[in-house]
Amino acid sequence: MTRRGKGAEKRAASYLESKGHHLVERNYFCYRGEVDLITFDEDFLVFVEVKKRGKGSYLTPEESITRKKKERLIKCSKRWIMDNDYSGNSRFDVVALSGGEIRHYENAIQL
Amino acid sequence: MISKSLSGAVTGIDAIIVEVQCDVSRGLPSFKIVGLPEKEVQESRDRIRSAIDNSGFQFPTKKITANLAPADVKKQGVGLDLPIAATILQATGSLSEGALKNKLLIGELSLDGGLRSVSGVLPVVLSARDNPEVDSIIVPEGNAKEAAIVESLDVHPVSSLREAFDQLEKEEGADLATFSFDRDKYFQSRRDFVKDFSDVKGQEGAKRALEIAAAGGHNVLMSGPPGSGKSMLAKRLPTILPPLTFEEAIEVTKIYSILGKLSSDDPLVIKRKVRSPHHTISYAGMVGGGHGNPTPGEISLAHNGVLFLDELPEFNRRVLETLRQPLEDQEITISRASNSFRFPANFTLVGAMNPCPCGYLGDPVKKCTCRPHEIRRYRKKISGPFMDRIDIFVDVQRLEKEELTERSEGQSSATIRKRVSKGRKAQAHRFDRDDFTNSLMSSEQVEKYCQLNESAESLVKQAIDRYGFSARAYHKVLKISRTIADLDGSENISPEHVSEAIQYRSTRDKLLQEEGV
């Protein structure tokens, strides 16, 4: 994890907390991939993918989430749900940081 | 929570009633459709998601499974969009319980939540009529008339998902906006043809041949130089056929409905159709077929009407050969590994050809420029067995200048149709069936109904000697004589009837044999 990546995740986490999310876990790793943030938003368990792109980047952060990344995220979230015996609602969010802006997409990824 | 609604999907020529079940449960958000959905039904997921969001509801962030029962039949058609969306709304609690009871929903959603008309509504409604669970049906506005043709069901046309929701939410007993229209009046109102037989100058011989063909359901082949009026005559054949009965019109409309060829203003095919496919047509286009569930082809579109094949020898031979079974059975069976589909194809075949590739063989003025082997090859393109299924052969000659410049009008279609109807009535009386014609008689029936007196008998015998008629040709001559006698209003077949019939048959030899080459 790069220094910049860590900074981005921190910013995303504090942003989500300000919106009422409760942080459950940061950087959950499994052998299939990783989930940047796991939070609770009301009765939803939220798996958050944080993407940052610096100034002058060719792609926006939203564009740089590939199908492969999505698959990894989904597989990893299933792992977490199994390990923690979770049986409630859940969804995937994306937080995009570019320049000074933060954009939050609820329910951005579906199976 | 699980919710259910009813819809329909077309398979072959009929529709099955589909029960759409929907389960919305906790879990990772996903939306799946199971129950053998074809590509367009799979894609409905994205339409439904946007339509729900854009109609003032929220698409649930849950695990959604929609099942289309019976799950072992392939589901085609975008009409399933609306029922799937409605079950999702009910399963998430937006739509109250019981709102979908005894209702059949059909319609394609657009992304903004609007409802678009779909093809194949009539077969679905016909199946729904026989299903005790359905007592009303919600359709897109454009399909309202088509759905209302079947009278025993309440039809509620809606223009959007929101409007469908409002209709479904109305309390029981409250009057839903029901659509109705006077189908009998409509059916009677639009039967007049634009074209008429009086448009065609001269060609009395060919007109007479078509009159006989119309009366007895005989297939016709016309041969003549370009511009002699073959196409004009063929296109006017439906104007002298007896008008479609309501049941026949429904049969034809079903086919047009499945292929999406109905307009919202003209929900019923009232006139007999002429189909004139181009000679480059593929065999699937001709008899029906295609991926997944096969769709009807040109011969089914010509059901209860006329199939006109212009430039007959130019058609692919394989395409012409596939016509042999439908010409015999009045229907076509298309078999797939999973199922076989039967499409009706009761049509009168009218073929047109030139006497030779350049078209002017036998013409008194223009000279034919073809070589003998070219003519031979041209004529050989049509196989013997195919020719055997054609009863009447006519030589359509170029008009003389007196006929061309003549101002007087020929007989109108209405006059001819009256005679044809009389001939058909005699047949209906004889066979005790409305849809049976002389051309369909079996050999036993020919023996029974086509008895000749002595002088007629001797005439046929002479013809057999002279033209070398086969048993089949002999029977064809008898059938045509029967039709001519029916047109004449005569119980017995007279020598005049027989001699006219022989003439239509003997023209075949003139058209096909290589003498004259």
Side-chain angles (χ1 to χ4, degrees), chain A residues 16 19-22 24-25 28-30 32-50 62 65-95 103-111, chain B residues 1-3 20-37 39-68 80-81 84-95 109 111-113 161:
Chain A
L16 289 176
K19 276 183 105 177
H21 286 229
H22 296 279
V24 180
E25 203 165 331
Y28 171 73
F29 279 89
C30 72
R32 289 181 185 282
E34 59 150 348
V35 182
D36 293 335
L37 296 170
I38 301 174
T39 67
F40 251 111
D41 178 22
E42 288 172 21
D43 57 343
F44 276 99
L45 178 73
V46 188
F47 299 96
V48 187
E49 171 66 18
V50 181
E62 292 90 335
I65 297 175
T66 60
R67 206 182 68 195
K68 205 161 185 185
K69 181 77 211 169
K70 279 186 201 167
E71 276 166 15
R72 283 199 191 134
L73 191 66
I74 287 163
K75 278 176 181 158
C76 214
S77 61
K78 283 184 179 164
R79 180 86 223 177
W80 192 95
I81 285 169
M82 252 171 54
D83 287 351
N84 294 277
D85 248 348
Y86 179 74
S87 63
N89 290 321
S90 49
R91 65 167 204 247
F92 297 96
D93 284 11
V94 169
V95 175
R103 294 185 290 271
H104 176 207
Y105 300 93
E106 284 185 16
N107 194 22
I109 297 167
Q110 285 100 24
L111 297 193
Chain B
M1 203 191 117
I2 290 180
S3 62
V20 179
Q21 305 156 351
C22 182
D23 179 26
V24 175
S25 60
R26 289 186 298 188
L28 292 173
S30 67
F31 183 12
K32 243 189 220 165
I33 297 178
V34 296
L36 291 190
K39 185 82 181 164
E40 68 272 27
V41 184
Q42 282 286 1
E43 284 180 344
S44 73
R45 290 179 301 172
D46 292 318
R47 288 192 293 273
I48 290 166
R49 194 188 295 272
S50 296
I52 287 183
D53 278 338
N54 293 327
S55 298
F57 306 104
Q58 228 203 334
F59 193 83
T61 312
K62 304 212 171 194
K63 186 181 166 199
I64 304 166
T65 311
N67 179 37
L68 310 173
L80 292 164
D81 287 8
I84 296 174
T87 47
I88 291 175
L89 290 178
Q90 190 174 56
T92 53
S94 301
L95 196 59
L109 289 172
L111 296 183
D112 61 4
L161 178 60

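Basis for what follows: all heavy atoms, side chains included, without hydrogens, waters or symmetry-related copies.
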If every non-hydrogen atom of A/Ser90 is compared with every non-hydrogen atom of B/Pro29, which pair is closest and at what distance?
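So the minimum-distance heavy-atom pair works out to O-CD, 3.1 Å.
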Using non-hydrogen atoms and a 4.5 Å limit, figure out which bit of [X] sits close to chain B: side chain, backbone, both or neither.
X       : answer
A/Asn89 : both
A/Tyr86 : neither
A/Leu45 : neither

How long is the gap from CZ on A/Phe44 to NZ on B/Lys62, to the nearest 0.5 Å?
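With rounding to 0.5 Å, CZ (A/Phe44) is 6.0 Å from NZ (B/Lys62).
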Can you tell me how far the CG atom of A/Asp43 sits from the CZ atom of B/Arg26, to the nearest 0.5 Å?
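Result: 9.0 Å between the selected atoms.
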Look at atom NZ of B/Lys32 and say whether more than 12 heavy atoms of other residues, nucleotides or ligands are closer to it than 6.0 Å.
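No - once you tally the heavy atoms of other residues, nucleotides and ligands closer than 6.0 Å, there are 12 at most.
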Tell me whether B/Arg49 at atom CZ has more than 12 heavy atoms from other residues, nucleotides or ligands lying less than 6.0 Å away.
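Count over threshold, so yes.
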Proximity breakdown for B/Arg45 and chain A, heavy-atom pairs closer than 4.5 Å
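Contact with chain A involves no heavy atom of B/Arg45 at all.
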